[in-house]
Amino acid sequence: MIAIIDPHIHFFDLQMGQYEWLVGDTPPNWANLSLIKQNHNPNHLKNPTFLVEAVVHIEAGFDNQHPHKELEWLAKAARPLRYGAIAYIDITLEPIHFSEQLSKLLHDPCLRGIRDITEGTDAIRLLHPNVFTNLSTLSCHKLCFEAQFELNNQQVANQVANYCLSLPHLSLFLNHAGLLERNTQWDHSMAKLSSCPNIAIKFSGFEHLISPLSKNTCLQLCLQYFGDERIMFASNYPVCLMEKSYEEIWLEYRQLVESEVLWKKLSYHNAKRLYRL
């Protein structure tokens with residue numbers, strides 16, 4: 001079997017958690033929603049081809065008012081799988097409240113960082129005056145920030161790059177390859193963000209896009225801008241089930257890369273290093 005580390009997965013327990021975005025009155029209009037709207041745990045990652053040696057679990061709305069509850073549940077649900085955890089905190093909170101929320105998470109040895117989704121019009125939240133101070137707090141604790149916004153938003157990309165230049169010890173990971181669509185202007189943002197050595201990018205999330213670049217084109221662009229040390233293949237399981245099974249996602253990634261050295265970096269070693277797994 002081929003060993004991999006998957007740096008972007010979600011586990012669900014619909015009986016224990018809230019997941020209002022998924023089970024509430026206005027769930028996403030996704031293909032194969034019934035496959036996603038189920039409990040998901042490490043056993044669902046097992047497949048004949050790839051051996052998942054570790055994962056990074058990304059917050060999934062278990063309880064956004066009390067994000068420590070997701071970490072407490074995960075400590076039981078993910079074992080014995082080796083994992084890092086990304087929790088939720090509103091990145092625009094008043095710094096004193098952000099630090100209070102974070103203090104409730106710091107006891108977890110698997111904590112690796114924070115995500116606050118800012119897609120579409122929500123991207124403007126990354127311009128909020130509290131963001132810099134809160135990112136600085138994450139940096140002091142050696143925690144990363146998972147940035148999820150479209151790279152065609154040059155204003156936000158410029159500001160995120162400025163944060164990272166001012167906070168050289170902060171690690172920031174761009175989710176879902178920057179959500180690049182055809183016929184949008186993202187080259188300036190790619191150049192600006194990739195010039196920051198503390199920014200890496202995850203190659204995932206194509207199922208969210210209306211008119212995605214081909215995966216080969218996108219990978220070549222990521223390699224051109226970020227090099228082979230700051231790119232990570234990731235599945236976005238179970239959301240990837242909108243289009244492909246877990247095994248199919250990774251088989252497609254494997255077919256994109258001829259070099260064994262490059263494959264091992266993108267599918268294993270980069271994630272292990274960047275997330276300290």
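All values below were derived from every heavy atom in this structure, side-chain atoms included, with hydrogens, water molecules and symmetry-related copies excluded.
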With sequence neighbours excluded, give me every salt bridge (Lys or Arg N to Asp or Glu O under 4.0 Å) pair touching [range].
range            : answer
residues 212-225 : Lys215-Glu252
residues 4-29    : none
residues 26-50   : none
residues 122-136 : Asp90-Arg125, Asp116-Arg125

Look only at the side chain of [X] and the backbone of [Y], and say whether a donor-acceptor pair between them is shorter than 3.5 Å.
X      : Y      : answer
Ser136 : Phe132 : no
Asn152 : Trp186 : no
Asn270 : Met232 : no
Glu150 : Gly120 : yes
Asn236 : Ser204 : no
Asn29  : Pro27  : no
Tyr253 : Ala234 : yes
Arg273 : Arg276 : no
Asp63  : His66  : yes
His107 : Lys104 : yes

Does some side-chain heavy atom of [Y] sit less than 4.5 Å from a side-chain heavy atom of [X]?
X      : Y      : answer
Leu193 : Leu172 : no
Leu138 : Phe98  : yes
Trp30  : Val239 : yes
Thr118 : Val156 : no
Asn153 : Ile124 : no
Leu22  : Leu14  : yes
Leu209 : Leu179 : yes
Leu93  : Glu100 : no

- Residues Val160, Val131; criterion side chain to side chain contact (heavy atoms under 4.5 Å, CB included); working and verdict: CA-CA 10 Å; Val160 169; Val131 171; over 6 Å; no
Please round to the nearest 0.5 Å and tell me the distance separating atom [atom1] of [X] and atom [atom2] of [Y].
X      : Y      : atom1 : atom2 : answer
Ser139 : Phe145 : OG    : CZ    : 13.5 Å
Leu223 : Ser194 : CG    : OG    : 12.0 Å
Gln224 : Met190 : CD    : CE    : 8.0 Å
Cys240 : Trp250 : SG    : CH2   : 10.5 Å
Glu243 : Ile249 : CD    : CD1   : 7.0 Å
Ser235 : Ile4   : OG    : CD1   : 7.5 Å

According to a 4.5 Å side-chain heavy-atom criterion applied to Ile, Leu, Val, Met, Phe, Trp and Tyr, with indirect links allowed, do [X] and [Y] form part of one hydrophobic cluster?
X      : Y      : answer
Ile86  : Ile199 : no
Tyr246 : Ile2   : yes
Met242 : Phe233 : yes
Leu174 : Ile114 : yes

- Query: More than 12 heavy atoms of other residues, nucleotides or ligands under 6.0 Å from CD of Gln155: is that the case?
  - Reply: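 Atom CD in Gln155 is not crowded, with 12 or fewer foreign heavy atoms closer than 6.0 Å.
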- Above 12 or not: heavy atoms from other molecules or residues under 6.0 Å from CD of Glu260?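 Correct, the count exceeds 12.
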- Option among Phe203, Tyr275, Phe226 that satisfies the ring pair (Phe, Tyr, Trp, His ring centres under 6.0 Å) test with Phe173: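 Only one option passes, and that is Tyr275.
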- Task: State which residue, out of Tyr237, Phe62, Tyr19, fulfils the ring pair (Phe, Tyr, Trp, His ring centres under 6.0 Å) condition with Phe12.
- Result: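 Of the listed options, the one satisfying the test is Tyr19.
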- Item | Aromatic ring pairing Trp263/Phe50, orientation class (parallel under 30°, perpendicular over 60°, tilted between) |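 Rings of Trp263 and Phe50: tilted, as their planes differ by 30° to 60°.
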- Message: Would you call the rings of His176 and His208 parallel, tilted or perpendicular, taking 30° and 60° as the class edges?
- Response: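 If you compare the ring of His176 with that of His208, the planes turn out tilted.
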- Query: Hey, what else clusters with Ile96 if you join Ile, Leu, Val, Met, Phe, Trp, Tyr whenever side-chain heavy atoms sit under 4.5 Å?
  - Reply: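 Grouped by the 4.5 Å side-chain rule, Ile96 forms a cluster of one, so the answer is none.
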The criterion is side-chain hydrogen bond (donor to acceptor under 3.5 Å, both in side chains); which residues satisfy it with [X], sequence neighbours excluded?
X      : answer
Asn198 : none
Ser166 : none
Thr133 : none
Asn158 : His188

- Query: Could you walk me through whether Asn130 and Glu94 pass the side chain to side chain contact (heavy atoms under 4.5 Å, CB included) check?
  - Reply: CA-CA 6 Å; Asn130 291 337; Glu94 287 293 329; 3.6 Å; yes
- Worked verdict on Leu102 versus Leu143 for side chain to side chain contact (heavy atoms under 4.5 Å, CB included): CA-CA 10 Å; Leu102 185 62; Leu143 296 173; 3.8 Å; yes
- Going through the distances and angles, do Leu266 and Leu219 end up as a side chain to side chain contact (heavy atoms under 4.5 Å, CB included)? CA-CA 10 Å; Leu266 273 52; Leu219 179 58; 3.8 Å; yes
All salt bridge (charged side-chain N to carboxylate O under 4.0 Å, His left out) counterparts of [X], not counting sequence neighbours:
X      : value
Asp228 : Lys265
Glu70  : none
Lys264 : none

- Task: Among Arg112, Lys202, Arg115, find the one that has a side-chain hydrogen bond (donor to acceptor under 3.5 Å, both in side chains) with Glu146.
- Result: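 When Arg112, Lys202, Arg115 are each tested with Glu146, the side-chain hydrogen bond (donor to acceptor under 3.5 Å, both in side chains) holds only for Lys202.
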- Ring centroid separation for Phe11 and His57, is it under 6.0 angstrom?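 Between Phe11 and His57, the centre distance is under 6.0 Å.
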